[in-house]
Structures are given as structure tokens and as C-alpha cells.
Amino acid sequence: MEPYKAAIPIQEALRRGEGKVTLRGWIHRKRVLKEKIFILLRDSTGVIQLVLPRDKFKDLEDLNLESALVVTGALVKEPRAPGGVEMHVESVDWVYRGEPYPINEDAVAADSEYLLDVRHLWIRSRKMQAVLKIRHTVFGAIHEYFRKNGFYEVHPPMFITAAVEGGATLFKVQYFDKIVYLTQSSQFYLEALIYGLEKVYTIAPSFRAEPSRTRRHLTEFWHAEMEIAWAGMEDAVLVGEGVISHVVEKVLDERQEELRLLGRRIEPLEKAKPPFYRVSYDEAVDILQKKGFKIGWGDDIGADEERALSQDFDKPIVLYGFPEKVKAFYHRNNPRRPEVTLSFDVLLPEGYGEVIGGGERIYQAEELIEKIKRFGLNPQDYWWYIDLRRYGSVPHSGFGLGVDRLTMWIVGADHIRDVVPFPRDVRRTAP
RNA sequence: GCCGCCGUAGCUCAGCCCGGUCAGAGCGGCGGGCUGUUAACCCGUAGGUCCCGGGUUCAAAUCCCGGCGGCGGCGCCA
């Protein structure tokens, strides 16, 4: 049997605190003293201190960080050891000698750009481990919420031929002898799928060729989208509150250790329970004007305004009822007040901003065609989307949730790149 | 697309303003030391196309022009 097959997880070793066991992992830290070598060994479950008599393991003292090891020895409870338990190593059963590891504490402390250049290595760090474990829980909790609430998971295409939002932000792809695009939202496909399944959701990548240079934009991001038949805007808002609060609850329940390692304050997370604050666009304009912003009714709410708004609230805000011209063409106008749409955004607190955009869709063909024209677009480009309105159309609503943005807020990251293993932005496509 | 900032050792940075012992520090590497270390510590040592090109000058990392690369913010959005 290969020696590494006998190993137990480090977390399990820390729990036992005694007995002879085999461990495997990577060298997280190493300190060589006159008579002893201390090694902090890391695996996916934790970190434990190894103690090796220097005379017996002379050939190991020059091991570089991140070298891989399989060791056997006795576990001992030891207050001087980080974590309270250490292993007195008796034999080293397997070694892979790594070259000098290029990431050091200076680069980490500076949160350097370099960490993105060596991202393929940096994802080994305890910080990235913690973030990626939380990300795993976030995705799982989204699936869990939708499935428990009667939604079917569906899988729309990534190659498309018509824009959802307009057209300027699509990535072109050579597709045999023609050009197609990468999807920027699965919404239109979800709208088609409700006529069979009524309540549908998907978690899929969306691609946007926007040259955005901000801490909350990527060119490739994970989009959790849902659509429900026989539903108005308020129904979609309830689902949005439901899924966010469920995800947060799940992370608080399962990822306390990771949140602690990341130094995340959990009070703001604990407050994210429904109902979120409801603020109409009209009220928001009032609030902002009183704060001294130069904003008139009909203007869009920019990033600074969004941040200022969220400062007044200690949990997520549902901003609703935007003017027609600041939202995409497919939003249904309020029949009682046609100048505003039945649209909403969910804003995260602490300055994190928009995480959900959604609302009720136009369900009548004529109204849709008219609005497409009013927006200066060509109805022919949306032929099948319009066609959906010709055969038993019903009121329906949905939203798109930025999963990376949600994760960013949950872990308290400064940049959306910090929560994605291999982020893609306007310039970075490798590693 | 618009505005601002940056580029010096493998990594993090100082030096630039006011040109002339300015080729520097810490980490990492290598060599040695050290009574159990907690990002260990101490001593020694190797390591650089000062982003590239041009200009000014007796003299340029430093000043000027152009280019390339990177970062942050806005707009747009999730």
C-alpha cells in the first residue's frame, strides 16, 4: 500500500490529540533550531505542528515551503503548539522536495498584484482555502433553496445569437463559419422554460465584454437566475430575500471557522433576515437630495449614490420602481403609473451595492414590440423572445443574482477577484 | 470610453521633488549559529537591462518626450 493511503485528516488528528498516526500534507511553515525542526503541516482540513529531532532528520532541514510530506508519529497534547496538539515524528514515509516557494509574507501583507500572477499557487493559502470553502457553501445553499421551493434547475445555452441587454457588451466567438456570442444572461431562455416548468432557476456563467475596472466587476461571473410564471414583481422580491437569507444562514451555520480565519464581522450577516428594507425609487431620490446629491427624478442611481443609500441601512435594501429609461426594455411598466417599471434591485449593506436585478417582464406581444422600438432596438433581433408572447403568455417575474458579489459581501472581501479562484477581468486571462 | 496613480533584486518597497559614493533595506535563497519555535531570531553571503526607446547634460533610476505594461475609480451592470 502506498504510504499516503494510511494518512488521516489533520483535523481528525487535532481532535484525537493522542496515539500513533500517519499524516500527509504540505509544509506551511518551517523553523529549524539547534536540536529540533518544527514544521507546520497543512492539508485541506487544517494545520498541525510536527516536531522532528534534528539529528535524526538532518536531510529534511533544507525542505522548502509547500514541499509535500507523509509522516508517521505520536500525537501529543502540547499547549506550546499552535492548535494545542503536535506530532512527534518517528518516520518520514514520503517526500516531494519543492523548489523555493515564490510567495512570501510581504506579498501577502501587501495583498499584492503578484498574488494574481501566481494565482495557481496562491489558491493553496489558508485564506483562499477559507474563501473557496465558503463559496462552495454559497453555491450549495442556492441550489438547496430553489429545489426546496419547487424550482426546476434548467440549463440554458452559453452560445447565443441575440443580446439580452443591448449588444455592445457581447463577446464574439468564431463558431464554425459564423460568429456567435457568449451569453450575458440566461433570462430569455428561462422565460421560455416557464411555460413548461413554471418555476425555473439556473446557476451559470455570464460573460460581459464591458471594460469595467471596479472592484465588483468581472468579465466572467456566476449568475444565479430564476423565473416564475403567474408572478408579479413582489413575488420575485420575496424569492430574492429568501435565497439571500438562506445562503447567509447556511454560511453562518457551517462556516464559522472560515469566517473567523478571514476576520469577518458576522453582525451584518446575522441581520440579513427578511423582510429587507423596501425603498421606492421616488423615496431614494428624496433621501439622496437631502444628503446633497445632485440627482433629479429620472436620473439613474450611480455607485456613489448607492453607497450613500446603503449607509443608512443595516441590512439589504430592495430598491424598486425605477423609471423606464434607466432599466432594460423587457421590464413591464406599471399599468397605474406608466413612467415607472415593475423592476427592483437588491443592494447589499456595507457599501457592497447591487447584487440582484430583476422584476416583472412584459407579457403582451404588442407592448413588448412597442417598447423594443421605443428603445431604438430591432424587433427582428428578438423574434423568438417576442414569439413567446404569442402562445398563452402569462404575467411572470424573475431576477439575476451575482453569486460572486454575494460571496464577496459574505466573506467581507475588498475585491470580487478575491472570491473567485481564477478571476477573469478586462486584462487578466491567465492563470 | 473618461479621470487619476504606478513600473528599482524572485517578492514587498526606499531612493526620484533638489541630477554627482544611489545600486539600497526587509523577506526569500545559500552558509553558519541558536534551550520549544509561533510570519522564530542572530551573523555572514550571493542576487539588479533601476519597464523600453529617444532627448537634455560633463554626468540620468532621478529632468523632458514617446511607447509598452500594470493598478484604482467612474460610466455600465450582477
Side-chain angles (χ1 to χ4, degrees), chain A residues 28-40 47-54 61-62 64-66 76 78-84 86 88 99-118 121-122 125-126 164-169 184-187 203-225 240 244 299-307 322 326-328 345-348 352-358 399-409 414-417 419-420 425-428:
Chain A
H28 184 61
R29 296 277 186 275
K30 185 190 71 176
R31 295 164 200 123
V32 180
L33 278 72
K34 188 178 185 182
E35 292 180 351
K36 286 172 178 147
I37 304 170
F38 293 94
I39 288 174
L40 292 180
V47 174
I48 191 170
Q49 174 162 287
L50 310 178
V51 186
L52 301 90
R54 197 174 169 193
E61 68 183 52
D62 64 342
N64 290 310
L65 299 188
E66 292 301 320
V76 179
E78 168 57 74
R80 288 175 296 182
E86 66 186 19
H88 293 176
E99 294 174 32
Y101 197 60
I103 299 177
N104 66 29
E105 290 294 339
D106 278 341
V108 175
D111 198 16
S112 154
E113 188 62 19
Y114 176 70
L115 298 178
L116 285 166
D117 294 335
V118 292
L121 304 176
W122 177 233
S125 66
R126 298 204 76 197
V164 173
E165 303 287 353
T169 65
Q184 45 183 200
S185 163
S186 298
Q187 178 192 321
I203 306 180
S206 281
F207 305 89
R208 303 224 173 140
E210 295 158 351
S212 301
R213 307 202 45 73
T214 81
R215 59 187 58 193
R216 52 183 203 289
H217 284 87
L218 295 169
T219 52
E220 173 186 321
F221 66 95
W222 283 81
H223 213 171
E225 295 179 275
I244 289 175
D299 296 336
D300 201 3
I301 292 178
D304 289 343
E305 288 85 4
E306 217 176 81
R307 214 165 292 131
F322 292 89
V326 306
K327 285 286 173 186
D345 287 349
V346 176
L347 272 41
L348 294 173
Y352 280 86
E354 187 172 349
V355 70
I356 283 181
F399 64 68
L401 180 158
V403 185
D404 314 282
R405 285 188 180 176
L406 178 59
T407 308
M408 181 187 171
W409 171 63
D414 293 331
H415 202 295
I416 193 165
R417 286 191 301 228
V419 300
V420 180
D425 63 26
V426 60
R427 287 201 182 89
R428 188 170 291 277

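By convention in this document, chain letters (A, B, ...) are assigned in the order of the sequence lines, proteins followed by strands, and residues within each chain are numbered from 1. All values derive from a computational prediction rather than experimental measurement.
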Below 4.0 Å: OP1/OP2 of C74(B) and any side-chain N or O of Arg307(A): yes
Pair of N/O donor and acceptor under 3.5 Å linking G75(B) base with Thr214(A) side chain: no
Any Lys36(A) side-chain nitrogen or oxygen under 4.0 Å from OP1 or OP2 of G36(B): no
ring centroid sep under 5.5 Å plus plane angle under 30, Phe221(A) with A78(B): yes
Closest to the His415(A) side chain, choosing from C11(B), C34(B), G72(B): G72(B)
OP1 or OP2 of G73(B) under 4.0 Å from side-chain N/O of His217(A): no
U21(B) pairs with, by Watson-Crick or G-U criteria that keep both distances under 3.5 Å: none
Sugar-phosphate only, base, or nothing, as touched by Asp404(A) at under 4.0 Å among non-hydrogen atoms: nothing
Under 4.0 angstrom between Arg215(A) side-chain N/O and A78(B) OP1 or OP2: no
N-O pairing of Asp404(A) and Arg417(A) below 4.0 Å: no
No-H, no-angle donor-acceptor pair, Arg213(A) side chain to C76(B) base, under 3.5 Å: no
Side-chain-base donor-acceptor pair under 3.5 Å for Ser212(A) and C77(B): no
Donor/acceptor link under 3.5 angstrom from Gln49(A) side chain onto base of U37(B): yes
Any donor-acceptor N/O pair under 3.5 Å between G36(B) base and Glu86(A) side chain: yes
